[in-house]
Every structure is written in structure tokens, then in C-alpha cells.
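Remarks on the structure that follows.
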Amino acid sequence: MRWSFLFLVSLSIAFLGVIIQSKPLDINSREVQETAHWAVEELKSLSDSGVYSTIQLHSVLEADEDDGLFHKNTVLHLSLESPHFKSKKPVEDFAVVVMKHYEEKFATIAIDEFPEMDEAAIERFYEAKVERKRAERADALAKMEQEALQFEASRS
């Protein structure tokens, strides 16, 4: 019984290896470069504090593509740069998968390990975000007050 189970598992893995064939892509191609830049822009938007906005694409190290059930998957190995990595290194490497849906034409990213950023930098970016939001609220309230005063003046 145990051997038949192991045989089935081995056969399944071998079968999946035949079905899911990834093909290497030219890292200098326009499509790979555009996909990598898009992935980095998406990654930048995932930071609540805004510290990911400092991340830039340094280089594409490797790119592969495979066909999934619902998505065309582009697996990218990227070197990213930021002055705020927790490691204090200016450049770190990450694996990112860009999944482009076949029918609905939207894309999303998956990343195994998110960039770890310096705690002090996260705090500074978060404080700046809070201050921007405060200023936006103050501006909105001042505008509403001005409009209310103009409305009252027009009724007199």
C-alpha cells in the first residue's frame, strides 16, 4: 500500500513537471522590463507607511514564464534598491510572480518575502503620511467653511 502511494505521488509530480513547463525569457526584452517595472510599482503601493515608495528596480536577474490554469505567470528574480532596507544593504534580491489573467486582462503580483525596511524609516514615513492627511483634512474643512460663508452671504 505504501509503495503504491509513493508511486502515485512520484507519477503525479512527474506529470506536473511535464505539464507546467516554464520557459526562460530574455531579461533585456521590452516585455520583461515593462513587467518588472510594473511589478515594482505594484510593490510600492503595498506599504501602509509609504516607505516602499523608495524602492527602485536595480536589475532583472532572471525571468521565466509558464502557463497556469487562469494566468500567464512571469517569474522574476529582481534586484531592488532602497536606502531604507533593514539590512542596510543598498540592493537586495527578491522573487516576484506577475500573474496576468487570460480572460479578464488584469494582473496581480505575488511575492514570497516582502522587503524588510528599517524601523526608524518606517516611523518617519508614517509620521509624514499622518501630517499630510491632517493638512488635507484642514484644507477640506477650510474649503467647506468658505463655501458655507459664501452661501450664507448669498442668502442675505
Side-chain angles (χ1 to χ4, degrees), residues 1-140:
M1 180 76 160
R2 183 171 170 234
W3 289 106
S4 60
F5 175 75
L6 291 175
F7 175 74
L8 286 174
V9 169
S10 299
L11 186 62
S12 299
I13 292 171
F15 182 67
L16 285 174
V18 170
I19 292 175
I20 303 173
Q21 293 286 326
S22 64
K23 71 173 189 184
L25 299 174
D26 176 8
I27 61 172
N28 297 309
S29 73
R30 188 173 138 234
E31 181 180 3
V32 167
Q33 290 295 316
E34 287 175 357
T35 301
H37 282 282
W38 180 85
V40 172
E41 291 304 312
E42 285 295 300
L43 180 61
K44 287 180 178 186
S45 72
L46 298 178
S47 170
D48 185 46
S49 68
V51 72
Y52 277 9
S53 65
T54 64
I55 294 174
Q56 299 294 322
L57 178 64
H58 182 262
S59 63
V60 179
L61 302 172
E62 187 179 342
D64 296 294
E65 182 178 86
D66 66 59
D67 294 322
L69 292 176
F70 302 105
H71 303 92
K72 178 177 85 171
N73 300 312
T74 305
V75 181
L76 301 167
H77 295 271
L78 305 175
S79 282
L80 303 177
E81 58 185 83
S82 173
H84 302 296
F85 286 138
K86 189 174 188 175
S87 68
K88 306 293 184 203
K89 296 177 186 173
V91 177
E92 292 187 10
D93 298 343
F94 298 91
V96 178
V97 178
V98 176
M99 299 167 287
K100 294 179 185 173
H101 197 276
Y102 291 126
E103 294 175 9
E104 297 178 23
K105 304 300 180 203
F106 70 87
T108 188
I109 66 168
I111 186 167
D112 188 31
E113 291 185 39
F114 283 86
E116 290 188 53
M117 308 305 271
D118 177 69
E119 293 294 327
I122 293 170
E123 187 68 26
R124 284 192 309 275
F125 275 82
Y126 188 77
E127 288 171 359
K129 176 184 172 182
V130 168
E131 288 304 316
R132 280 192 309 276
K133 292 294 183 185
R134 262 193 205 129
E136 288 172 9
R137 273 196 307 278
D139 289 346

Q.
Once rounded to the nearest 0.5 Å, what's the spacing between atom OG of S59 and atom CD of E81?
A. 9.0 Å

Q: Might you confirm whether atom CD of E113 has over 12 heavy atoms from other residues, nucleotides or ligands at distances under 6.0 Å?
A: no

Q: For the residue pair E127 and E123, establish whether any side-chain heavy-atom pair is separated by less than 4.5 Å.
A: yes

**Q.** Atom of E92, atom of F85 and distance for their closest heavy-atom approach
**A.** OE2-CB, 3.4 Å

Q.
side-chain contact (heavy atoms from CB on, under 4.5 Å), that's the test. Do L25 and T35 meet it? Break it down for me.
A. CA-CA 12 Å; L25 299 174; T35 301; over 6 Å; no

Q: Looking only at non-hydrogen atoms, find the nearest pair between I27 and V60 and report the distance.
A: CD1-O, 3.3 Å

Q: Would you please classify the geometry between the F106 ring and the H101 ring as parallel, tilted or perpendicular, with 30° and 60° separating the classes?
A: parallel

Q. At what distance, to the nearest 0.5 angstrom, does OG1 of T74 lie from CD1 of I109?
A. 12.5 Å

Q. Taking it one step at a time, do V97 and D112 satisfy side-chain contact (heavy atoms from CB on, under 4.5 Å)?
A. CA-CA 9 Å; V97 178; D112 188 31; over 6 Å; no

Q: Please indicate whether F70 has more than 12 foreign heavy atoms, meaning atoms of other residues, nucleotides or ligands, lying under 6.0 Å from its CZ.
A: no

Q. If you draw a 6.0 Å radius around CG in D139, do more than 12 non-hydrogen atoms from other residues or ligands fall strictly inside?
A. yes

Q. What is the distance from atom NE2 of H37 to atom CG of L57, rounded to the nearest 0.5 Å?
A. 5.0 Å

Q.
Restricting to non-hydrogen atoms, name the atom on F94 and the atom on L80 that form the minimum distance, rounded to 0.1 Å.
A. CD1-CD1, 3.6 Å

Q. Hey, are the side chains of F125 and M117 touching, using non-hydrogen atoms and a 4.5 Å cut-off?
A. no

Q | Atom pair OG (S53) and CG (L43), whose distance is rounded to the nearest 0.5 Å | A | 11.0 Å

Q: Determine the interplanar angle of the F114 and Y52 rings, folded into 0 to 90°, and report it as parallel if under 30°, tilted if 30 to 60°, perpendicular if over 60°.
A: parallel

Q | Closest contact, heavy atoms only, S82 versus T54 | A | OG-OG1, 2.8 Å

Q.
Measuring from atom CD of E119 to atom OG of S49, what distance do you get when rounded to the nearest 0.5 angstrom?
A. 9.5 Å

Q | Heavy-atom neighbours of E31 CD exceed 12 at 6.0 Å | A | no

Q. How close do K44 and I55 get, heavy atom to heavy atom, and via which atoms?
A. CE-O, 2.6 Å

Q: Using the side-chain contact (heavy atoms from CB on, under 4.5 Å) rule, take K100 and H71 through it: C-alpha gap first, then chi angles, then the decisive distance, then the call.
A: CA-CA 5 Å; K100 294 179 185 173; H71 303 92; 5.8 Å; no

Q. Looking only at heavy atoms, which two atoms of V51 and S47 are closest? And how far apart?
A. N-OG, 3.3 Å

Q: Apply the test side-chain contact (heavy atoms from CB on, under 4.5 Å) to residues V32 and E65: give CA-CA distance (whole Å), side-chain angles for both, the deciding distance (0.1 Å), then the verdict.
A: CA-CA 10 Å; V32 167; E65 182 178 86; over 6 Å; no

Q) Distance from Q56 atom CD to S79 atom OG, nearest 0.5 Å? A) 13.5 Å

